[in-house]
Amino acid sequence: MEERKIRLKVNGKDCELSVKPNELLLNVLRNKLGLTGTKYGCGTGDCGACTVLINNEPRLSCLTLAVTVDGAEITTVEGLATNGKLHPIQEAFVKHGAIQCGFCIPGIVIMAKGLLDINPNPTVEEIKEALKGHLCRCTGYINIIKAIKAAALEMSKG
Amino acid sequence: MVNTRILASEFEYFEPRTINEAVNLLAKYGQEARVLAGGSDLIVDMKVEKVNPKYLIYIGKIPELRSIAKVGNEVVVGANATFFDLIKSPLLQSFPILLEALKSIQLEIKMMGTIGGNICSAAPTASTATPLLVLNAWVKVVSARGSRTIPIEKVYVGNRKTSLAPDELLTEIHLPVLDSRYGTAFGEIKTKIKFAVVIGRRGDVCEHCRIAIGGDVEVAKRVEKAEKLLEGKVFNERAIEEACDAVVEEIDPDNWYVREVAKYLFPKVVWEAWEKAR
Ligand SMILES: Cc1cc2nc3c(=O)[nH]c(=O)nc-3n(C[C@H](O)[C@H](O)[C@H](O)COP(=O)(O)OP(=O)(O)OC[C@H]3O[C@@H](n4cnc5c(N)ncnc54)[C@H](O)[C@@H]3O)c2cc1C
Ligand code: FES
Ligand code: FES
């Protein structure tokens, strides 16, 4: 298959890449750009571990062909911290013990960022609803919900 | 076991910028080509080797396919509008039944999935199927041979089968604005059972009724038998029970669980539509 040139802005950095049409955004991020924060869990849309922001929208990178996002801005979990300081969502996850093995967390943190951009003050019900595409084998979700709620509060203080 | 970490299949990729370009590609490659919209169904199907197209025609770069506009007494939605486009569109707020049905879709799929992909996948569980059926929606499909319109109930011809030819592109979904006196309701229990209902009333009488069933059935469809049992009748428990029996007949007799939950859900949804009707 013929490779195509695409341009992406990943975590604020411009990059030009050559990709085959069947290459998944997930693998371009992990293998070509070394951004291994984004995880492969199921590959079929069921677990949410591969969630990234594409033009600020949370989407599944395991079902996205890299060629289709030519020109887009991508944010992965590596892009949330600024100047070595964790993003308030990340802070809240640490503070509330919302992380155990951590495998599901990059996807959930990125989803939470996307959610809070659309809905800065979600109810617990709305947070649960948004978590339905994310599987976590460890935490039981309770502390994740608390962390997202706390992050929303923190971020609303500006 | 397939490796879902990668997409193993190989294909030629196209990125048409206009509907015309897209349908010309479809005319050329028809049977061996697939339209790629959000990919939330197609990429999964390709990974698990359910389909193996030689040509992939990505329609996400055709701006006109994503527009939502009011034209006369209809709202016209471009096939490539995402679920989230619909949810945030002011024009769609007059179709609460459709928005209600989109609520249970997970966030990432609201961003990726398109209404056109949802229709063309033709899953009986599809979130948009039952509301579109009771809204009397119709679609426009275009090919290099010309264009035609199809009422939505004629689109779904079987489980994951549509009446579109391989060279046809779904371009528009037309939603006629409902009579404001009509009451509408949607109810679902996971992907097991889904009902959408539209009711027009005059006093105690049900004047007009549209019922659609989806979920664990062969194909999402209107249940005309149940509609006839309610239309022109005084709306009461007995009439609903008769209609409910007709609705349950649509479910496989061996599917005991779904039949039971349907008996619970259906009356709730019809009552809700009735109470909203003026
Ligand atoms: C994790 C997950 C959760 C999901 N949850 C739901 C849910 O809650 N409710 C629900 O209904 N669905 C759900 N789906 C299924 C899927 O997201 C939807 O059916 C979605 O609407 C498909 O749209 P798409 O744009 O992604 O289609 P694609 O996958 O791009 O295409 C689907 C099919 O339609 C064809 N097609 C697409 N557009 C056109 C067109 N304009 N003309 C002709 N053919 C076309 C394609 O060739 C393909 O065969 C889910 C899927 C996943 C992976
Ligand atoms: S790896 Fe993408 S959803 Fe599981
Ligand atoms: S913390 Fe281990 S899977 Fe979520």
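Proteins come first, then strands; the chains are lettered A, B, ... in the order of their sequence lines, and each starts at number 1. In what follows, every heavy atom counts, from backbone to side chain, and hydrogens, waters and symmetry copies are set aside.
Note on B:Gln106, B:Met111, B:Lys47: by heavy-atom pairs under 4.5 Å with chain A, the leading option is B:Met111.
Applying a 4.5 Å heavy-atom cutoff, the residues of residues 11-42 of chain A that approach chain B are A:Pro21, A:Asn22, A:Leu24, A:Asn27, A:Arg30, A:Tyr40, A:Cys42. Contacts from residues 94-117 of chain A to chain B, taken as heavy-atom pairs separated by less than 4.5 Å, involve A:Met111, A:Leu115 in sequence order. By a heavy-atom distance cut of under 4.5 Å, not one residue of residues 136-149 of chain A is near chain B. At a heavy-atom separation below 4.5 angstrom, chain B is approached by A:Glu57, A:Pro58, A:Arg59, A:Leu60, A:Cys62, A:Leu63, A:Thr64, A:Leu65, A:Val67, A:Thr68, A:Asp70 within residues 55-75 of chain A.
In A:Lys132, the NZ atom is crowded: over 12 heavy atoms of neighbouring residues, nucleotides or ligands sit closer than 6.0 Å. For CD of B:Gln31, the number of neighbouring non-hydrogen atoms (other residues, nucleotides, ligands) closer than 6.0 Å is 12 at most. Within 6.0 Å of the NZ atom in B:Lys54, the count of heavy atoms belonging to other residues, nucleotides or ligands does not exceed 12. Residue A:Glu2 places its CD atom among 12 or fewer non-hydrogen atoms of other residues, nucleotides or ligands, all under 6.0 Å distant.
If you measure heavy-atom distances from B:Tyr58 to chain A, the contacts under 4.5 Å come from the side chain alone. With a threshold of 4.5 angstrom between heavy atoms, B:Lys61 approaches chain A through side-chain atoms but not through N, CA, C or O. Heavy-atom distances place the backbone of B:Ser9, and not its side chain, under 4.5 Å from chain A. Looking at B:Leu42, there are no atoms closer than 4.5 Å to chain A (heavy atoms on both sides), in backbone or side chain. At a 4.5 Å heavy-atom cutoff, the contact between A:Thr44 and chain B is made by backbone and side-chain atoms alike. Using a 4.5 Å cut-off between heavy atoms, B:Glu15 contacts chain A through its side chain alone, with no backbone atom that close.
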**Message:** Does A:Ile118 form a side chain to side chain contact (heavy atoms under 4.5 Å, CB included) with B:Leu107? I'd like the steps, not just the answer.
**Reply:** CA-CA 11 Å; A:Ile118 308 167; B:Leu107 188 60; 4.1 Å; yes

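Within the 4.5 Å cutoff, side-chain heavy atoms of A:His134 are placed close to those of B:Glu108.
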